[in-house]
Amino acid sequence: MEIKSKSWKESYTQIERLVLPADTNVFNALYGGRLMEWIDNVASIVAFKHCRQGTVTGSIDSLFFLAPIHLGFIVNMKGRVNYTTKTTMEIEVDVSAQDALSGKERFTTKAYLTYVAVDVDGRPSPVPGLILDDDDSKDRFKSGEERSLRRLELLKSVKKEAQIFDDMH
Ligand SMILES: CC(C)(COP(=O)(O)OP(=O)(O)OC[C@H]1O[C@@H](n2cnc3c(N)ncnc32)[C@H](O)[C@@H]1OP(=O)(O)O)[C@@H](O)C(=O)NCCC(=O)NCCS
């Protein structure tokens, strides 16, 4: 059965979080690990909405922390699908942080995550393609394809390393 392609708009997700003391490090700034968890959560929602089946995080690459996010700031995360293959989705999450008192906002973080759709047995399963109906979607798809090729090269070498480790244990 052919799977119908979908627009990125059907899975676009925006979430806001307030940085509380339990989320911070000794410098009163948001823990990198906490932000990674929030980013993974946003991207998981995007992945579910796009393919409406089980998904797992395959890889997280190009996670850039450009500026610290302080206690009491409002964190805004926007996630969208850029690129798909037969069974994977590349999801971009852009993060900005707003000073809750002044309203001043800064772009702080960008991440690209790849999710693999899986069936009930955990095996990769086909996902809907993307409808590319404007120049921005086309550009994002093309850049996603380029990142995917680089990612696959890296995945190949990591898998080789994993095989050597597994063979020794
Ligand atoms: C991701 C996973 C399902 C892939 O299974 P696999 O048998 O290696 O899959 P395949 O080699 O057949 O690859 C299937 C597709 O996924 C891609 N892929 C596989 N592993 C990937 C990874 N780690 N990162 C990005 N893409 C990956 C392949 O390129 C392929 O893409 P395609 O749609 O273009 O064909 C499996 O490695 C797994 O379960 N990993 C653990 C996931 C996990 O625990 N995540 C954290 C918690 S959610």
Flag the pair Gln53 / Ser125 as yes when at least one side-chain heavy-atom distance between them is below 4.5 Å, and no otherwise.
yes
Quick check for you: to the nearest 0.5 Å, what is the distance between Ile45 atom CD1 and Ile91 atom CD1?
10.5 Å
Begin with the C-alpha distance, continue with both residues' side-chain angles, and end with the deciding distance and a verdict on side-chain contact (heavy atoms from CB on, under 4.5 Å) for Gln98 and Phe73.
CA-CA 5 Å; Gln98 186 184 106; Phe73 274 44; 5.9 Å; no
Derivation of the salt bridge (Lys or Arg N to Asp or Glu O under 4.0 Å) call for Glu153 and Lys156:
CA-CA 5 Å; Glu153 279 306 304; Lys156 235 193 272 171; 3.3 Å; yes
Ile3 side chain near Val127 side chain, heavy-atom distance below 4.5 Å:
no
Taking His50's backbone N and O only, do any of them form a donor-acceptor pair with Lys6's side chain (distance below 3.5 Å, no angle check)?
yes
Working to the nearest 0.5 angstrom, can you tell me the gap between Thr57 OG1 and Asp40 CG?
4.0 Å
Decide whether Glu90 and Thr114 meet the rule of one side-chain donor and one side-chain acceptor closer than 3.5 Å.
no
Parallel, tilted or perpendicular, judged at 30° and 60°: which one describes the rings of Phe165 and His169?
parallel
Evaluate the criterion salt bridge (Lys or Arg N to Asp or Glu O under 4.0 Å) for residue pair Arg151 and Asp61; output intermediate values, then yes/no.
CA-CA 8 Å; Arg151 196 177 294 127; Asp61 56 49; 2.4 Å; yes
Does the side chain of Leu30 reach to within under 4.5 Å of the side chain of Thr24, using non-hydrogen atoms?
no
Whether Ser7 side chain and Lys9 backbone form a donor-acceptor pair below 3.5 Å
yes
Just by distance, do the side chain of Asp119 and the backbone of Asp121 share a donor-acceptor pair under 3.5 Å?
yes
If you define the side chain from C-beta out and look only at heavy atoms, does anything of Phe48 sit under 4.5 Å from Val46?
no
Given the rule in the salt bridge (Lys or Arg N to Asp or Glu O under 4.0 Å) test, do Lys104 and Asp99 qualify, once you have shown the distances and angles that lead to the verdict?
CA-CA 5 Å; Lys104 187 169 165 40; Asp99 184 325; over 6 Å; no
Short question: side chain of Asp23, backbone of Leu20 - any donor-acceptor pair under 3.5 Å?
yes
Using the ring of Tyr83 (Phe, Tyr or Trp, six-membered ring only), decide whether Arg140 places NZ or CZ under 6.0 Å from its centre and within 45 degrees of its axis.
no
Is any side-chain heavy atom of Asn76 closer than 4.5 Å to one of Ile74?
no
We want to know whether Ser44 and Asn41 form a side-chain donor-acceptor pair, criterion being a heavy-atom distance below 3.5 angstrom.
no
Atom pair NZ (Lys142) and CD (Glu145), whose distance is rounded to the nearest 0.5 Å:
8.0 Å
Look up atom OG1 in Thr108 and atom CD1 in Ile69, then write down how far apart they are to the nearest 0.5 Å.
3.5 Å
Kindly indicate, with the supporting measurements, whether the criterion salt bridge (Lys or Arg N to Asp or Glu O under 4.0 Å) is fulfilled by Lys49 and Glu10.
CA-CA 7 Å; Lys49 286 181 182 171; Glu10 291 182 62; over 6 Å; no
